[in-house]
Amino acid sequence: MDAQQTDVVAFLVRQHAEINDLFTEVTATDGAAREEAFRRLVRLLAVHETAEEELVHPYVRQVVDGGDGIADDRLREENQAKRLLADLDQMGSDHPDFPKHLEILRVEVLAHARAEERYEFTHLTREGDPARLAKMTAAVQAAEKMAPTRPHPGVESATRNLLLGPPVAIMDRARDAIRKAMGEGR
Ligand SMILES: [Fe+2]
Ligand SMILES: [Fe+2]
């Protein structure tokens, strides 16, 4: 995809759909297939929510009327989702309580995504600078490259281990990649 042609709102809305699909996949599978799908969900959520924290909410504070309150609400939801995700990750996908907790996370994450689309994304599309929105897409793509959300056959085992880290470690790496791509933290 050409980052120049895609603003970050369209990109993140597509990720919301992918997140929804991955929740369905994790729910519908078990055993090794569930574990593999759950790893992809962890990576996608880690990259996605970190990108929103680093890029979207700060920009909403800048350009949207009442943006501070809106961004604070979204950050609260994200922190709650991160806690639930870390708990699920520790629990492991073969734990008997996993489906119940996955469902709690799914409901929270999807409600959060709807609130972002309604209270943030619509405003950014109208009031944001198109060049800046496109640059943000490139930054999310840089973070995605660091933590691929689709299976990569033939990936070296060392890289694979890196990608299997806990959510917080993936978020740290995603944050670094995003800041570097935006020209900060150098
Ligand atoms: Fe978010
Ligand atoms: Fe989101």
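Counting convention: from 1, in listed order, for ligands and their atoms alike. This chain uses plain numbering: 1 for the first residue, then up along the sequence. From a predicted model like this one, the values you see are computed outputs, not experimental measurements.
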Exercise. For Phe98, which residues count as a ring-ring contact (aromatic ring centres under 6.0 Å, His included) partner, sequence neighbours excluded?
Worked result: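 Phe98 satisfies ring-ring contact (aromatic ring centres under 6.0 Å, His included) with Phe38 only.
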Sequence neighbours left out, cut at 3.5 Å: what donor-acceptor pairs do the side chains of residues 56-64 make with other protein atoms?
{"unit_1": "His57", "atom_1": "ND1", "unit_2": "Glu120", "atom_2": "OE1", "d": "3.2"}
{"unit_1": "His57", "atom_1": "ND1", "unit_2": "Glu120", "atom_2": "OE2", "d": "2.8"}
{"unit_1": "His57", "atom_1": "NE2", "unit_2": "Glu78", "atom_2": "OE1", "d": "3.2"}
{"unit_1": "His57", "atom_1": "NE2", "unit_2": "Glu78", "atom_2": "OE2", "d": "2.8"}
{"unit_1": "Tyr59", "atom_1": "OH", "unit_2": "Asp129", "atom_2": "N", "d": "3.0"}
{"unit_1": "Arg61", "atom_1": "NH1", "unit_2": "Asp68", "atom_2": "O", "d": "3.4"}
{"unit_1": "Arg61", "atom_1": "NH1", "unit_2": "Asp68", "atom_2": "OD1", "d": "3.1"}
{"unit_1": "Arg61", "atom_1": "NH1", "unit_2": "Asp72", "atom_2": "OD1", "d": "3.0"}
{"unit_1": "Arg61", "atom_1": "NH2", "unit_2": "Asp72", "atom_2": "OD1", "d": "2.9"}

For this session: Using atom types as modelled and distance alone, determine if a side-chain donor or acceptor of Thr50 lies under 3.5 Å from a backbone N or O of Ala174.
Result: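 Flag not set: sc Thr50 to bb Ala174 has no pair under 3.5 Å.
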Exercise. Judged by atom type as modelled, is there a donor-acceptor pair below 3.5 Å linking the side chain of Arg34 to the main-chain atoms of Asp94?
Worked result: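 Flag not set: sc Arg34 to bb Asp94 has no pair under 3.5 Å.
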Problem set entry | salt_bridge(Lys82, Glu53) N-O dist < 4.0 Å |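 Counted as a salt bridge, because a side-chain N and a carboxylate O are separated by less than 4.0 Å.
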Exercise. Around the Fe ion (ligand 1), how many protein N, O or S atoms are there at under 2.8 Å?
Worked result: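 Protein heteroatoms (N, O, S) closer than 2.8 Å to the Fe ion (ligand 1) number 5.
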Problem set entry | With Glu52 via side-chain hydrogen bond (donor to acceptor under 3.5 Å, both in side chains) - residues at least two apart |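 If we apply the side-chain hydrogen bond (donor to acceptor under 3.5 Å, both in side chains) test to Glu52, skipping adjacent residues, the hits are His16, His48.
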